[in-house]
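Have a look at the structure below, then the notes.
These values consider heavy atoms only, across backbone and side chains, with no hydrogens, waters or symmetry-generated copies.
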Amino acid sequence: MENLGAASLRSRRFESCFNTSYEPNKREASKYSADEQIPKREKTDIYVDDNGWSSVLISCFRIVFCFLTMMVTTFIWALIMLVLLPWPYQRIRQGNIYGHVTGRLLMWILGNPIKIEGFEFSNERAIYICNHASPLDIFLIMWLTPTGSVGIAKKEIIWYPLFGQLYILANHLRIDRSNPSAAVESMKQVARAVAKNNLSLIIFPEGTRSKDGRLLPFKKGFVHLALQTQLPIVPIVFTGTHRAWRKGSLHIRAAPLTVKYLPPIHTDNWTAEKIDEYVKIVHDTYVKHLPESQRPLQ
């Protein structure tokens, strides 16, 4: 079996950073004498919405364009998956390639400025975890996780148009969260498949999407998987996605986004007696790296 976790599509990860700093023009600078210091603008965590009709119209156009693009790429890769039905783990690989292509295209269409940090931690064979506050998180994780990664989602994902059906064809994994005993058994099966086939994992540890962007409590599933696989945990911190595409909204805003890979958290010495402690350690790591507007309310 080809080592799926070793390959990556780093060439698809074009950093799309539009970080601009304020520089006064000549007319502004002339207002100040040579001995006076030009006042600096303070950086804040405040983004001002543009709710004008032109912004809404552009947003609608981009959403429609995204949907059409996803229809085309999904159709192409569905044909590929059908050809590869006898080879389940080659379908995982193709599912990752589909995600790299489609996720990157969708983010390009939406046009949000993106800053990506921590590339050196993006090619580990690991359990990748991400905070979740927007549909954009799905596009980003599709684009940025390495080839040889398998997702874990709730069983209801099959009803998501286009994406859900391809998710099943790509041999990604589902769990029944309504049945605790079945969920535990599913986690064991996931761990065995990951170890046998040298896969990485992608998990949203909150278990659901945050309504306001603030970090929710973490469920314990990712720790159980780390104990069973002894894979390191690579946290990915998404900042700003909740402002760009809010839950329940169809208005895409031009809010800047940041994706930050944190150093791997090694788990080979973890023990089952300290599960709650490990969950807290990882959750606190997110709190430390999120802006105030995305931290849990005390």
In sequence, state the C-alpha distance, the side-chain angles, and the governing distance for Tyr167 and Tyr160, and then conclude on ring-ring contact (aromatic ring centres under 6.0 Å, His included). CA-CA 9 Å; Tyr167 183 93; Tyr160 291 14; 9.2 Å; no
For the backbone of [Y] and the side chain of [X], can you confirm whether one donor and one acceptor N or O come within less than 3.5 Å of each other?
{"X": "Tyr278", "Y": "Thr271", "answer": "yes"}
{"X": "Asn112", "Y": "Ala255", "answer": "yes"}
{"X": "Ser210", "Y": "Arg214", "answer": "yes"}
{"X": "Glu124", "Y": "Pro232", "answer": "no"}
{"X": "Asp268", "Y": "Gln230", "answer": "no"}
{"X": "Ser200", "Y": "Ala126", "answer": "yes"}
{"X": "Arg91", "Y": "Leu85", "answer": "yes"}
{"X": "Arg174", "Y": "Glu156", "answer": "no"}

With a 3.5 Å cut-off and no angle check, do the side chains of [X] and [Y] form a donor-acceptor pair?
{"X": "His100", "Y": "Thr145", "answer": "no"}
{"X": "Ser59", "Y": "Arg253", "answer": "no"}
{"X": "Thr241", "Y": "Asp137", "answer": "yes"}

A side-chain contact here means heavy atoms from C-beta on lying under 4.5 Å apart; do [X] and [Y] qualify?
{"X": "Trp143", "Y": "Ile114", "result": "yes"}
{"X": "Val287", "Y": "Pro296", "result": "yes"}
{"X": "Leu201", "Y": "Tyr128", "result": "no"}

Over 12 non-hydrogen atoms of neighbours within 6.0 angstrom of CH2 in Trp270: yes
Under 4.0 Å between a Lys/Arg side-chain N and an Asp/Glu carboxylate O for Glu292 and Arg295? yes
Rounded at 0.5 Å granularity, tell me how far [atom1] in [X] sits from [atom2] in [Y].
{"X": "His283", "Y": "Leu216", "atom1": "NE2", "atom2": "CG", "value": "7.5 Å"}
{"X": "Leu166", "Y": "Ile76", "atom1": "CG", "atom2": "CD1", "value": "11.5 Å"}
{"X": "Phe238", "Y": "His132", "atom1": "CZ", "atom2": "NE2", "value": "9.5 Å"}

Between Phe75 and Phe65, is there a shared hydrophobic cluster once you connect ILVMFWY residues whose side-chain heavy atoms come closer than 4.5 Å? no
Verify same cluster id: Leu257, Phe119 (apolar side-chain graph, 4.5 Å): yes
Apply salt bridge (charged side-chain N to carboxylate O under 4.0 Å, His left out) to Asp284 and Lys288, showing your working. CA-CA 6 Å; Asp284 289 348; Lys288 177 181 177 182; over 6 Å; no
